[in-house]
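The structure under discussion appears below in the form of structure tokens.
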Amino acid sequence: MVLRELELRHFRNLGIQELHFPPEGVAVVGDNAQGKTNLLEAVYYLESFRSFRGAADRELAAFSEDVFYLRGSVEGSARTTVAAGFDCRRKNKKVTVDGDDSLRISAALGRLGAVVFSPADVRLINDGPSVRRRFLDIVLSLNRPGYVDALLEYRKSLAQRNAALRTGGGTAGRQDWIRAWDSGLVDSGASVTCLRQAWATEWAGAFADHYGAISDGESATMSYRPNLGEAGDAEGSSPRSSDEAAVRERFRARLDESWENDLRRGATSAGPHRDELLFTVGAGGRTVPLRGFGSGGQRRTAALALRLTEAATIRRQRGAEPILLLDDAFAELDSGRSGRVMSLLEEEVTGQVIMTVPKESDVRLPGRPLERWRIHGGVIEA
Ligand SMILES: Nc1ncnc2c1ncn2[C@@H]1O[C@H](COP(=O)(O)OP(=O)(O)OP(=O)(O)O)[C@@H](O)[C@H]1O
Ligand SMILES: [Mg+2]
């Protein structure tokens with residue numbers, strides 16, 4: 001996929017601009033706080049309709065404005081134009097694809113095929129399990145048909161069941177009423193679990209390969225740990241756990257087991273909202289979780305390997321090279337690792353690259369002669 005045009009209107013500090021990107025990409029050079037990350041955030045907004053930094057939509061409109069608008073044209077097998085606008089006062093988000101405004105946001109996702117690499121990615125490994133569930137949710141929403149609908153359905157059922165639990169068990173009749181939410185929860189939750197499991201099983205090998213290549217031979221693993229447990233196999237993924245009927249059965253059994261506890265807590269304790277995506281690394285003959293035991297460099301390496309795995313997912317799913325958005329991404333790696341990441345990117349990811357760097361000398365993709373743009377105070381000079 002190739003981003004050709006980007007129109008910006010009042011997104012963060014970027015004002016009103018129209019940019020025309022070269023097919024091989026561009027390196028945007030500028031000092032701190034000039035708008036480099038804002039530019040990549042704008043591009044990725046057209047992929048996911050949310051900020052990759054986790055900012056709320058209302059924070060994305062320029063300080064002096066209460067609406068923003070973005071429009072991008074991408075070329076893959078055909079040319080597609082995606083536009084998005086947000087009105088902070090009405091809290092109204094509008095999305096169009098090729099001018100069609102009748103699409104639900106969930107149906108408009110993933111039209112660019114972009115992946116962001118950022119120094120903040122290390123939080124994917126360092127932080128609690130919810131950031132890794134969010135990672136899975138984004139990758140699968142953008143790349144697996146049906147996932148986003150199952151996820152939204154699950155969240156709705158979970159919220160309804162929890163609200164019912166909070167009103168208390170009281171009588172047997174009330175308890176029956178609360179448990180009436182279970183079947184919606186079980187059906188959508190089993191779909192979410194199985195799609196997450198299938199992705200992790202499919203890509204565990206690629207993750208390990210990327211990690212090995214960047215670290216020059218260290219080994220690391222990625223495995224999915226569903227809160228519902230593995231079907232008859234405590235040792236990581238099993239083919240049986242992708243059997244949705246078996247997962248539904250297990251989920252029902254877990255809800256039965258935890259019923260008294262859920263009633264007491266006023267919240268549902270079992271389900272994919274408690275899943276973990278586990279990363280481990282070999283250390284002194286043992287296997288230890290990267291979170292907690294990995295060095296800073298190892299955790300950054302794992303985050304990069306995960307993003308490369310995401311890029312490979314996009315390539316396989318959409319049959320096109322992803323657009324790479326590199327936000328000063330290799331700043332904190334030692335020179336061996338950053339050199340190997342660069343070669344890996346050059347070999348493996350051959351599509352458009354939009355990268356931001358503070359200094360000209362930080363553009364370290366020797367095989368890619370990228371045009372240089374400057375950014376100052378949000379204004380981009382091509
Ligand atoms: N909603 C907004 N409206 C106007 N300006 C904003 C808004 N949000 C952020 N900014 C401004 O954008 C600038 C930061 O932009 P950005 O994060 O893109 O910087 P950067 O060039 O990536 O810097 P660094 O090199 O430090 O990462 C800050 O000056 C900030 O005040
Ligand atoms: Mg930045």
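Positions are given from 1, in the same order as the sequence printed here. Order of listing sets the numbers, starting from 1, for every ligand and every atom in it. Being a predicted model, the structure only gives us computed values, none of them experimental.
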(message) Before you tell me yes or no, could you show the steps for Arg337 and Asp216 under salt bridge (charged side-chain N to carboxylate O under 4.0 Å, His left out), namely the whole-Å CA-CA distance, both residues' side-chain angles and the distance that decides it to 0.1 Å?
(response) CA-CA 8 Å; Arg337 280 178 199 236; Asp216 205 17; over 6 Å; no

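Two residues are said to be in side-chain contact when any heavy atoms from C-beta on lie closer than 4.5 Å; Leu19 and Leu39 meet this criterion.
Distances shorter than 4.0 angstrom do not occur between any heavy atom of Gly30 and any atom of ligand 1. Distances from ligand 1 to the non-hydrogen atoms of Pro358 include no value under 4.0 Å. At least one heavy atom of Arg53 lies less than 4.0 angstrom from ligand 1. Residue contacts with ligand 1 include Asp31, since one of its heavy atoms falls under 4.0 Å from the ligand.
Annotation: atom 29 (O) of ligand 1 to nearest protein heavy atom, Ala33 O, 3.3 Å. The protein non-hydrogen atom at the shortest distance from atom 7 (C) of ligand 1 is Phe63 CZ, 3.4 Å. Atom 15 (O) of ligand 1 has as its closest protein heavy atom Asn38 ND2, 3.1 Å.
Using modelled atom types and a 3.5 Å distance limit, the side chains of Arg318 and Asn143 yield a donor-acceptor pair.
Checking His10, Lys36, Glu65, Arg12 against atom 21 (O) of ligand 1, the nearest heavy atom belongs to Lys36.
When heavy-atom distances to ligand 1 are checked against a 4.0 Å cut-off, Glu59 comes that close only through its backbone atoms N, CA, C and O.
Within the sub-2.8 Å shell of the Mg ion (ligand 2), the protein contributes these N/O/S atoms: Thr37 OG1.
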Please table the atom pairs, donor to acceptor, closer than 3.5 Å between any side-chain atom in residues 282-293 and protein atoms at least two apart or in another chain.
{"from": "Arg291", "atom 1": "NE", "to": "Asn126", "atom 2": "O", "distance (Å)": "3.1"}
{"from": "Arg291", "atom 1": "NE", "to": "Asp127", "atom 2": "O", "distance (Å)": "3.1"}

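Leu103 belongs to a hydrophobic cluster with Val97, counting contacts under 4.5 Å between side-chain heavy atoms of Ile, Leu, Val, Met, Phe, Trp and Tyr, direct or through other members.
Of the residues Ile138, Val43, Leu325, Val116, the one that meets the side-chain contact (heavy atoms from CB on, under 4.5 Å) test with Phe52 is Val116.
Ring centroids of Phe68 and Tyr45 are separated by less than 6.0 Å, placing the two rings close together. In this structure, Tyr69 has its ring center no closer than 6.0 Å to that of Phe86. Note: Trp373 and Phe21 meet the aromatic proximity criterion, with ring centroids under 6.0 Å apart.
Between Leu60 and ligand 1, no pair of N/O atoms sits closer than 3.5 Å.
Each of the atoms 1 (N), 2 (C), 3 (N) of ligand 1 lies under 4.0 Å from some heavy atom of Ala61. Distances below 4.0 Å separate heavy atoms of Thr37 from the following atoms of ligand 1: 17 (O), 18 (O), 20 (P), 22 (O), 27 (O). Every atom of ligand 1 is numbered from 1 in the order shown, and the set under 4.0 Å from a heavy atom of Asn32 is 23 (O), 24 (P), 25 (O), 26 (O).
Looking at residues two or more places apart in sequence or on another chain, you find a side-chain contact (heavy atoms from CB on, under 4.5 Å) between Ala303 and Asp121, Ile125.
The minimum heavy-atom distance linking Val192 with Tyr147 is given by the pair CG1-OH, 3.6 Å.
Environment of CZ in Arg123: sparse, with no more than 12 heavy atoms of neighbouring residues, nucleotides or ligands closer than 6.0 Å.
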